[in-house]
Amino acid sequence: MPLPGLWSRGVEFGDDALTFVDYVHPAASVCAEPVLSVSGIRDVDPAGFPPEIRTTAGETLFVSKLREGDLRQFAERHRIPQIARPDIWMRLLEPFLDTTIGHGRQADTDGWLRERGLSEAEIARARARVGSMMTAYNELLWEWEDLNLSDLVLASASSPDAGLYWWAMEIADRAAVE
């Protein structure tokens, strides 16, 4: 889990738009075009850790937990839906936690992923694609409870592979509201 202030380098809450400054991942849309208008926001999750903004293009952007109240007020002012959705990546990244995952728990996790449309092969390919990167990332973090999409974004921020970022966003956007 990223530290609460890690994403704080960067978002200004304007009247009708958010402006991102020095967003952590170079492939993010807000690096090329830092202003995100209200019309480009599909929904938000201010209570997420870290808080999430989901764009109409299917991208998930993160803001500092310290800005949770600002995001909530912005969403309320503009009638942007506030939706908590399950984090598919939290389940995909479970094998890279600094703990032993029992066979029963792993089977339950994989069953949950299959219920959301990921095949066994796709689950295996996703874990293989990010495995070495997430293992190296978590060797520094020692997270034993929860790695999620925000961790994947941070871990891949120095990767020259922009395709990885957008592939991760596509998978994250499959999550149905529960």
Going by heavy atoms in the side chains, are [X] and [Y] under 4.5 Å from each other?
{"X": "Ile41", "Y": "Phe74", "value": "yes"}
{"X": "Val24", "Y": "Val153", "value": "yes"}
{"X": "Trp112", "Y": "Asp108", "value": "no"}
{"X": "Arg42", "Y": "Ile83", "value": "no"}
{"X": "Val130", "Y": "Leu152", "value": "yes"}
{"X": "Leu36", "Y": "Ile53", "value": "yes"}

Tell me, please, which residues at least two apart from [X] pass side chain to side chain donor-acceptor pair (under 3.5 Å).
{"X": "Glu12", "value": "none"}
{"X": "Ser39", "value": "Ser37"}
{"X": "Glu76", "value": "none"}
{"X": "Thr56", "value": "none"}

Residues Arg91, Glu94: salt bridge by 4.0 Å N-O rule: no
Taking all non-hydrogen atoms of both residues into account, name the closest pair between [X] and [Y] and its distance.
{"X": "Phe96", "Y": "Thr135", "result": "CD2-OG1, 3.6 Å"}
{"X": "Phe62", "Y": "Pro50", "result": "CD2-CG, 3.5 Å"}
{"X": "Pro46", "Y": "Gln82", "result": "CG-OE1, 3.4 Å"}

Partner set under side-chain contact (heavy atoms from CB on, under 4.5 Å) for [X], not counting sequence neighbours:
{"X": "Ala17", "value": "Val35"}
{"X": "Ala28", "value": "Tyr23, Val30, Cys31, Glu59, Leu61, Tyr165"}
{"X": "Ala124", "value": "none"}
{"X": "Glu120", "value": "Asp110, Arg114"}

State the [atom1]-[atom2] distance between [X] and [Y], to the nearest 0.5 angstrom.
{"X": "Thr109", "Y": "Leu92", "atom1": "OG1", "atom2": "CG", "result": "9.5 Å"}
{"X": "Glu122", "Y": "Leu113", "atom1": "CD", "atom2": "CG", "result": "9.5 Å"}
{"X": "Tyr137", "Y": "Leu147", "atom1": "OH", "atom2": "CG", "result": "7.0 Å"}
{"X": "Leu164", "Y": "Ser156", "atom1": "CG", "atom2": "OG", "result": "5.0 Å"}
{"X": "Ser119", "Y": "Arg125", "atom1": "OG", "atom2": "CZ", "result": "5.5 Å"}
{"X": "Glu33", "Y": "Phe20", "atom1": "CD", "atom2": "CZ", "result": "12.0 Å"}

Heavy-atom donor-acceptor pair, His78 side chain to Ile80 backbone, under 3.5 Å: no
Under a 3.5 Å distance rule, please check whether Arg127 uses its side chain to pair with a backbone N or O of Pro95 as donor and acceptor. no
Could you work out, with salt bridge (Lys or Arg N to Asp or Glu O under 4.0 Å) as the rule, every residue matching [X], not counting sequence neighbours?
{"X": "Asp161", "value": "Arg129"}
{"X": "Asp70", "value": "Arg67"}
{"X": "Arg54", "value": "Asp43, Glu52"}

Residue list, ring-ring contact (aromatic ring centres under 6.0 Å, His included) with Trp166, at least two apart or on another chain: none
Determine whether the side chains of Thr60 and Arg85 contain a donor N or O and an acceptor N or O closer than 3.5 Å. yes
Test Leu149 against Met169 for side-chain contact (heavy atoms from CB on, under 4.5 Å), laying out the working first. CA-CA 8 Å; Leu149 178 61; Met169 293 298 154; 4.2 Å; yes
Report the C-alpha separation of Asp173 and Glu170 in whole Å, then their side-chain angles, then the decisive distance to 0.1 Å, and conclude whether the side-chain contact (heavy atoms from CB on, under 4.5 Å) test is met. CA-CA 5 Å; Asp173 202 40; Glu170 185 273 324; 5.9 Å; no
